[in-house]
Amino acid sequence: MPEDNMDKPNIVTCTAPVNIAVIKYWGKRNEELILPINSSLSVTLHQDQLKTTTTVATSRSFQEDKIWLNGKEEDITHPRLQSCLREIRRLARKRRNDRGTAVDSTCLSHKVHICSVNNFPTAAGLASSAAGFACLVYSLARVFGVEGELSGIARQGSGSACRSMYGGFVQWIMGQQDDGKDSLAQQVEPETHWPELRILVLVASAERKPIGSTSGMQTSVQTSCLLKYRAESVVPGRMVEMTEAVRRKDFPAFAELAMKDSNQFHATCLDTYPPIFYLNSVSHQVINLVHCYNRHYGETRVAYTFDAGPNAVIFTLQQHVTEFVQVVQHFFPPEINGGQFIKGLQVNHADLSEELKQNIGLEQMPKGISYIISTTAGPGPCVVEDPTQHLLGSDGLPKKTV
């Protein structure tokens with residue numbers, strides 16, 4: 001083989017989705033392996049609107065492992081990054097040994113360069129670490145020829161990342177084993193299962209959250225009595241009910257469970273000592289708005305859920321999207337015009353009745369919401385076949401456009 005071909009990097013680019021939990025994960029029983037104290041269930045959002053893109057390159061010429069996140073070089077010695085790298089390399093070596101020396105094993109000793117970008121705010125409560133670690137693990141597996149179950153490896157990067165390894169509706173089974181081998185993600189239903197379901201992300205703040213999820217969970221596990229009760233006595237039943245609601249496409253049951261579980265998660269944050277406040281005044285007003293809107297119609301048309309941040313994720317059905325987006329624009333008058341305020345899937349204009357506005361009856365909060373991302377359930381990670389989309393050049397360094 002010519003010398004220059006030996007030094008030419010092996011490059012793979014993949015994308016992975018954000019997921020939003022409707023039965024929340026909060027609290028670990030093992031910090032190192034990231035084993036949760038309860039199971040959880042999420043909806044994978046469509047990558048046309050929210051995704052992480054990661055390029056992984058291996059080459060004999062690379063001197064050390066390196067990583068760039070959103071254009072900035074970061075510390076690759078971070079323990080969670082190292083866990084994922086170590087596990088993928090271990091499985092690649094095992095695969096080589098199982099199949100004999102015929103398998104190309106030259107790249108196993110090569111260093112890796114990793115470049116990753118999000119098309120949404122990082123660490124703003126939009127599950128950026130879930131998409132990021134899912135994409136990292138999926139890309140590394142492709143480069144090193146690792147196949148099979150990968151959610152257990154993604155979990156060791158970020159707990160909720162295991163759920164981003166699948167599209168549609170996904171459960172993370174907490175597992176019982178001390179080694180975490182049975183703490184894995186499973187698809188409940190594919191993204192095609194419920195085409196009428198629509199998702200609106202109401203971005204109240206794109207700032208980095210004041211208390212990260214990892215430290216918040218640790219404090220909750222140590223101090224919240226409610227969290228222990230929730231994990232042992234509430235979540236197991238809710239997991240069964242939510243799975244059934246998804247399978248039946250029963251929106252009122254799905255919506256009520258999602259809202260109650262979000263509220264209880266944030267109640268455990270308040271029960272933590274000192275208390276943790278992820279929601280802000282805009283979040284509280286969105287909660288009021290949803291309940292007033294549903295009350296006006298005498299049925300549950302819209303649901304909210306909040307992760308560890310102030311942004312609301314709204315679930316509704318296709319036929320209610322247009323009106324509810326107009327309701328949001330009325331009560332949270334945007335700074336920018338409608339075209340820029342709504343990103344993602346198109347939402348048409350609707351006129352609101354005076355009766356609806358009066359029945360909701362809330363005070364307006366100008367500029368409370370920066371913008372809305374309109375999306376739907378989507379698929380799991382995928383390979384980008386177009387080489388022009390690689391984030392790393394043939395020299396193994398980030399392209400200038402990244």
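- Side chain of Ser262 to backbone of Phe306: a donor-acceptor contact under 3.5 angstrom is found.
- Considering every non-hydrogen atom in both Val43 and Ala377, the closest pair reads CG1-CB, 4.0 Å.
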After noting the C-alpha distance and the side-chain angles of Asn294 and Met259, does the key distance pass the side-chain contact (heavy atoms from CB on, under 4.5 Å) rule? CA-CA 12 Å; Asn294 288 337; Met259 290 188 281; 4.3 Å; yes

Please assess Ile199 against Ile20 for the test side-chain contact (heavy atoms from CB on, under 4.5 Å), listing each intermediate value before the final yes or no. CA-CA 10 Å; Ile199 301 148; Ile20 299 295; 5.8 Å; no

Quick one, Thr44 with Arg163, criterion side-chain hydrogen bond (donor to acceptor under 3.5 Å, both in side chains). Give me CA distance, side-chain angles, the key distance, then yes/no. CA-CA 8 Å; Thr44 298; Arg163 297 190 310 249; over 6 Å; no

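- Contact annotation: the side chain of Arg89 approaches that of Val112 to within less than 4.5 Å [non-hydrogen atoms, C-beta and beyond].
- Asp178 meets the side-chain hydrogen bond (donor to acceptor under 3.5 Å, both in side chains) test with no other residue; sequence neighbours excluded.
- In this view, Gln319 and Leu317 satisfy the side chain to side chain contact (heavy atoms under 4.5 Å, CB included) rule, not counting sequence neighbours.
- Residues Gln187 and Glu189 come closest through the heavy atom pair CG-O, 3.5 Å.
- For His291, the ring-ring contact (aromatic ring centres under 6.0 Å, His included) partners two or more places apart in sequence, or in a different chain, are Tyr304.
- Put simply, the side chain of Ser39 gets close to the backbone of Met174: a donor and an acceptor are under 3.5 Å apart.
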May I have the list of side-chain donor-acceptor pairs in residues 133-147 shorter than 3.5 Å, sequence neighbours left out?
residue, atom, partner, partner atom, Å
Tyr138, OH, Arg142, NH2, 3.0
Ser139, OG, Cys135, O, 2.7

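- Using a 4.0 Å cut-off between charged side-chain N and carboxylate O, Asp271 and Arg230 make no salt bridge.
- A side-chain donor-acceptor contact under 3.5 Å links Arg155 to the backbone of Leu33.
- With a 4.5 Å cut-off on side-chain heavy atoms, Asp307 and Tyr278 do not count as touching.
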Could you tabulate the donor-acceptor pairs under 3.5 Å formed by side-chain atoms of residues 359-368, not counting sequence neighbours?
residue, atom, partner, partner atom, Å
Asn359, ND2, His296, ND1, 2.8
Gln364, NE2, His330, O, 2.6

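- When all heavy atoms of Ser160 and Asn19 are compared, the pair lying nearest together is O-ND2, 3.0 Å.
- The shortest heavy-atom contact between Thr54 and Thr52 is OG1-CG2, 3.7 Å.
- In this structure, CG in Leu50 is found 11.0 Å from OG in Ser128, a value given to the nearest 0.5 Å.
- For the pair His320/Arg198, no side-chain contact is recorded, criterion being any heavy-atom separation below 4.5 Å from C-beta on.
- Here Thr58 pairs with nothing under the side-chain hydrogen bond (donor to acceptor under 3.5 Å, both in side chains) rule; sequence neighbours left out.
- Within 6.0 Å of the NZ atom in Lys357, the count of heavy atoms belonging to other residues, nucleotides or ligands exceeds 12.
- Not a single donor-acceptor pair under 3.5 Å links the side chain of Asn118 to the backbone N or O of Asn70.
- The ring-ring contact (aromatic ring centres under 6.0 Å, His included) analysis of residues 227-266, with sequence neighbours excluded, yields the pairs Trp26-Phe265, Trp194-Phe254, Phe254-Phe315.
- Under the ring-ring contact (aromatic ring centres under 6.0 Å, His included) criterion, the residue pairs touching residues 32-91 are Phe62-His113, Trp68-His113, with sequence neighbours excluded.
- Separating the CG atom in Asn348 from the CD atom in Gln326 is a distance of 10.5 Å, to the nearest 0.5 Å.
- Every residue two or more places apart in sequence or in another chain was checked for a side-chain hydrogen bond (donor to acceptor under 3.5 Å, both in side chains) with Asp179, and none qualifies.
- Lys343 places none of its side-chain heavy atoms less than 4.5 Å from the side chain of Val201.
- Note that CG of Leu227 and OG1 of Thr272 are 7.0 Å apart. Values are rounded to the nearest 0.5 Å.
- Looking only at distances, a side-chain donor or acceptor of Ser283 sits under 3.5 Å from a matching main-chain atom of Pro310.
- Salt bridge annotation for Glu244-Arg247: absent, with no cationic side-chain nitrogen under 4.0 angstrom from a carboxylate oxygen.
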Could you please spell out the steps behind the side-chain contact (heavy atoms from CB on, under 4.5 Å) verdict for Leu257 and Val22? CA-CA 8 Å; Leu257 273 170; Val22 287; over 6 Å; no

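- Side chain of Asp75 to backbone of Thr77: a donor-acceptor contact under 3.5 angstrom is found.
- Within 6.0 Å of CD on Glu32 lie no more than 12 heavy atoms contributed by other residues, nucleotides or ligands.
- Taking every heavy atom of both residues into account, Ile369 and Phe341 meet most closely at O-CE1, 3.3 Å.
- For the residue pair Ile67 and Leu69, the shortest heavy atom distance occurs at CD1-CD2, 3.9 Å.
- The closest side-chain donor-acceptor pair between Arg301 and Thr316, if any, does not fall under 3.5 angstrom.
- At least one donor-acceptor pair closer than 3.5 Å links the side chain of Gln82 to the backbone N or O of Ile76.
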Which atom pairs, donor and acceptor, lie under 3.5 Å between side-chain atoms of residues 236-243 and protein residues at least two apart or in another chain?
residue, atom, partner, partner atom, Å
Arg238, NH1, Asp261, OD1, 2.9
Thr243, OG1, Met239, O, 2.8

Going through the checks in order, is the side-chain contact (heavy atoms from CB on, under 4.5 Å) test met by Arg90 and Glu87? CA-CA 5 Å; Arg90 183 188 70 77; Glu87 193 61 15; 2.6 Å; yes

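- Taking the side chain to side chain contact (heavy atoms under 4.5 Å, CB included) definition, one finds that Thr15 meets it with Gln47, Lys51, Thr53, Cys382, Val384, sequence neighbours left out.
- Within the 3.5 Å criterion, the main-chain N or O of Lys66 finds no donor-acceptor partner in the side chain of Glu64.
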Between Thr375 and Gln49, is the side-chain hydrogen bond (donor to acceptor under 3.5 Å, both in side chains) condition met? List the steps. CA-CA 6 Å; Thr375 186; Gln49 283 76 47; 2.8 Å; yes

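- Residue pairs meeting the ring-ring contact (aromatic ring centres under 6.0 Å, His included) criterion with at least one member in residues 151-188, sequence neighbours excluded: Tyr25-Trp172.
- Taking CG of Asn30 as the start and CD1 of Ile37 as the end, the distance is 13.0 Å to the nearest 0.5 Å.
- By the neighbour-count criterion of 12 heavy atoms within 6.0 Å, atom CD of Gln63 is sparsely surrounded, having that number or fewer from other residues, nucleotides or ligands.
- In this structure, the separation between CZ on Arg86 and CD1 on Ile153 is 11.5 Å, given to the nearest 0.5 Å.
- In this structure, NZ in Lys28 is found 10.5 Å from OG in Ser220, a value given to the nearest 0.5 Å.
- Under the 3.5 Å distance criterion, the side-chain polar atoms of Asp182 are matched with a main-chain donor or acceptor of Gln177.
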